[in-house]
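For reference, the structure discussed in these notes is given below.
Only this structure's heavy atoms are used, side chains among them; waters, hydrogens and symmetry mates stay out. These numbers come from a predicted model, not from an experiment.
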Amino acid sequence: MKHKMLAASAVIAGALFSCGAQAETLFVHANGYTFDAAKQLRRFDAMVVSDAGKILKTGQLARLQKQFPKATRIDLDGKTVLPGLIDAHGHVLSLGIAANRLSLRPTQNLNEALAAIRNYAAQAPHLKWIQGGEWNQAIWKLGRFPTAQELDSAVPDRPVWLRRVDGHAGWANSKALSLAGIDAQTADPAGGKIERDAQGVATGILIDGAMDLMEKVVPAPDATEMRFALDGALKELRRLGLTSVHDAGVTAYADQLFREYAQAGQLSTRIYGMIGGVDFFFDQMAATGPLTTSYDDRYALRAVKLYADGALGSRGAALLAPYSDAPHTKGLLFLSDKDMQAQIKKAALKGYQVNVHAIGDAGNRQVLEAFAQLPKEANAQQLRHRIEHAQVLAVDDIPKLKQLQIIPSMQPTHATSDMNMAEDRIGKVRIAGAYAWRRFLKQGSAIACGSDFPIENPNPFWGIDAAVNRWDFNQAQAKAWYPEQAMTVQEALRCFTLDAAYAAHQEKVLGSLESGKWADFVVIDRDIFKIPRAQLHQITVLQTWVAGKQVFVK
């Protein structure tokens with residue numbers, strides 16, 4: 001098979017997105033699946049792509065080869081073809097940066113983590129700061145957060161700053177706390193919390209808004225590191241079959257870099273950008289209005305990302321009632337109701353889609369009430385506003401997303417990562433409104449699926465596995481967690497393709513292999529609809545194509 005793929009690659013040899021003329025291309029012997037305009041799944045065994053990189057037709061080989069007798073033929077040897085996968089919530093540059101920093105994700109206990117930190121520091125004596133993270137105290141079964149003193153035992157002489165797996169808490173050693181000026185007298189900032197011991201001394205854990213106190217002194221990546229990060233991220237995304245990503249928090253620098261890569265034909269994955277917040281950068285961009293598309297739909301900047309609260313694992317998610325395992329706290333709302341309404345309205349009245357991070361039931365309710373107050377010309381029917389994560393909602397609030405036409409943008413692997421602690425956090429009653437995909441689908445909400453990489457693995461087939469099986473496939477005897485909320489394979493594929501495209505106003509150009517749309521597709525090693533469900537996470541991408549050009553071959 002590999003020699004046929006290499007032959008296919010040779011047909012389109014040259015730069016990834018070269019503009020040289022070529023004949024129409026007829027892909028033959030495909031085991032193809034796509035959705036039609038009615039969201040119905042249909043099959044095909046041949047596909048014709050124009051020299052401009054768009055789908056001309058999909059259908060039966062006997063008919064298409066008569067219609068396009070001069071087309072260049074590429075034999076897919078019976079392999080399964082799907083529309084290009086779309087991740088509706090990721091962080092592109094962070095993915096590339098994280099790949100070159102310390103990861104504690106594999107560690108199973110605190111001692112393993114400290115050993116990994118000590119070893120990483122020893123191998124990187126040139127680093128002035130030790131950075132990374134992806135730690136999870138729930139996996140370690142600590143029953144508490146780790147401390148600065150424990151981190152000091154691994155690295156006492158250099159500042160260490162390690163972000164939690166959900167990105168909503170950070171762990172610092174004493175050297176880092178000192179450089180940030182954090183001590184017993186430092187007040188908790190708005191929307192954040194400094195964890196303290198019984199004497200009021202900072203323990204080394206900073207939650208949500210308090211992380212900014214550290215981020216101000218941590219050296220930012222330079223331009224070389226950022227370009228290296230983008231190159232690495234794009235390589236990984238195309239390897240995984242992700243032909244489009246919704247980047248949840250684009251900075252001014254990232255916007256500049258994405259535009260540069262798009263113009264140079266180097267964005268091998270399309271990026272739909274969300275401006276991070278409504279501050280100075282937003283004001284600059286809003287002066288000319290949303291960038292709905294550019295460079296053949298390679299890059300768009302037509303959304304804004306806001307935050308209502310933190311994360312469940314760090315107990316920063318805002319709840320209506322106290323945490324079941326921490327009755328002294330309800331988590332944190334980042335903004336007052338008035339300020340949340342003002343920020344949403346500011347972005348929406350400028351024509352931007354507004355996508356708000358909300359994890360807890362109080363955070364979700366605040367966002368829903370703010371969206372409900374928008375004027376008609378800026379409401380969700382016009383701009384397709386979204387709630388990012390929509391993770392824990394009061395059951396009675398779920399229908400409000402359908403009523404207001406708010407899109408739930410959800411990450412299936414969050415459920416399988418959180419199942420070890422979610423019910424501890426919110427109890428058996430509130431869990432009914434958590435990770436409730438079936439409730440959303442039953443009421444007619446279209447879910448846009450993503451991963452929230454690098455917090456979770458970006459592999460979309462891991463996401464599909466989580467959506468369908470709701471289990472940790474790494475466990476020897478994996479069991480489904482609240483399986484009544486699971487998706488079918490067809491629903492899961494649609495939420496990573498056509499429904500994700502809709503959530504970016506791109507369903508007319510992306511998300512399915514229909515005439516007139518871009519020829520973004522993947523070739524995979526097995527039939528996703530015929531294999532046992534337990535194999536979904538094992539699916540491997542053999543080829544990735546964007547606009548009719550092959551950008552990856554295994």
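Taking the six-membered ring for Trp and thresholds of 30 and 60 degrees, Phe521 and Trp545 have nearly parallel ring planes, at less than 30 degrees apart.
Gln60 places no side-chain N or O within 3.5 Å of a backbone atom of Thr58 that could act as its donor or acceptor partner. At least one donor-acceptor pair closer than 3.5 Å links the side chain of Ser515 to the backbone N or O of Leu56. Under the 3.5 Å distance criterion, the side-chain polar atoms of Lys54 are left unmatched by any main-chain donor or acceptor of Gly548. A donor-acceptor contact shorter than 3.5 Å is absent between the side chain of Asn355 and the backbone of Glu388. A donor-acceptor pair is defined here as one N or O able to donate and one able to accept, closer than 3.5 Å; no such pair exists between the side chain of Arg384 and the backbone of Ala503. The main-chain N or O of Gln266 is never found under 3.5 Å from a side-chain atom of Arg298 such that the two would form a donor-acceptor pair. Judged purely by atom type and a 3.5 angstrom limit, His385 uses its side chain to pair as donor or acceptor with the backbone of Ala378. With Glu514 contributing its side chain and Thr34 its backbone, the two residues share no donor-acceptor pair below 3.5 Å.
Residues Leu240 and Phe552 have side chains not in contact (no heavy-atom distance under 4.5 Å, counting atoms from C-beta outward). Under the 4.5 Å side-chain criterion, counting only non-hydrogen atoms from C-beta, Asn379 is not in contact with Leu404. Between Leu257 and Arg227 the shortest side-chain heavy-atom distance falls below 4.5 Å. Under the 4.5 Å side-chain criterion, counting only non-hydrogen atoms from C-beta, Trp462 is not in contact with Glu456. With a 4.5 Å cut-off on side-chain heavy atoms, Ser294 and Phe258 do not count as touching. Side-chain contact check for Val541 versus Arg239: every heavy-atom pair is 4.5 Å or farther apart. Ile464 has its side chain within reach of Ile528: a pair of non-hydrogen atoms, C-beta onward, lies under 4.5 Å apart. Here the side chains of Trp135 and Thr107 are not in contact, with every heavy-atom distance at 4.5 Å or above.
In this structure, Arg63 places its CZ atom where only 12 or fewer heavy-atom neighbours from other residues, nucleotides or ligands lie under 6.0 Å away. Shown here is Lys235, whose NZ atom has no more than 12 heavy atoms of other residues, nucleotides or ligands within 6.0 Å.
With hydrogens and angles left out, the side-chain atoms of Thr488 and Gln490 include no donor and acceptor closer than 3.5 Å. Asp472 and Thr416 share no donor-acceptor pair across their side chains, judged by distance under 3.5 Å alone. In the model, Asn136 has no side-chain atom that pairs as donor or acceptor with a side-chain atom of Arg105 under 3.5 Å.
Taking the centre of each ring, Tyr482 and Tyr435 stay at or above the 6.0 Å mark.
Comment: Lys554 does not engage Asp525 in a salt bridge, judged by the lack of any side-chain N to carboxylate O separation of less than 4.0 angstrom. A salt bridge links Asp255 with Arg259: at least one charged nitrogen is closer than 4.0 Å to a carboxylate oxygen. Note on Asp77 versus Lys79: no salt bridge recorded, every NZ/NE/NH1/NH2 to OD/OE distance being 4.0 Å or above. Ion pairing between a basic and an acidic side chain is recognised when a charged N comes within 4.0 Å of a carboxylate O; Glu225 and Arg101 show such pairing.
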> Where do Leu393 and Phe440 land on the side chain to side chain contact (heavy atoms under 4.5 Å, CB included) test, with the steps shown first?
Replying inline: CA-CA 11 Å; Leu393 285 87; Phe440 285 106; 4.2 Å; yes

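Gln506 approaches Ser244 most closely through the heavy-atom pair OE1-OG, 4.3 Å. Between Asp499 and Lys39, the closest heavy-atom pair is OD1-NZ, 3.1 Å. Of all non-hydrogen atoms in Val81 and Ala30, the two that sit nearest each other are CG2-CB, 3.8 Å. When every heavy atom of Ala434 is checked against every heavy atom of Val392, the shortest pair comes out as CB-CG2, 4.0 Å. Shown here for Ala500 and Ala448, the closest heavy-atom pair between the two residues is CA-CB, 4.1 Å.
Qualifying ring-ring contact (aromatic ring centres under 6.0 Å, His included) partners for His505, counting only residues two or more places apart in sequence or in other chains: none. Listed by chain and number, the residues in a salt bridge (charged side-chain N to carboxylate O under 4.0 Å, His left out) with Arg438 are Glu491 (sequence neighbours excluded).
For residues 73-106, every residue pair satisfying the ring pair (Phe, Tyr, Trp, His ring centres under 6.0 Å) rule, not counting sequence neighbours, is listed here: His89-His91, His89-His389.
Under the side-chain contact (heavy atoms from CB on, under 4.5 Å) test applied with Leu237, the options Leu95, Thr243, Thr544, Asp87 reduce to a single match, Leu95.
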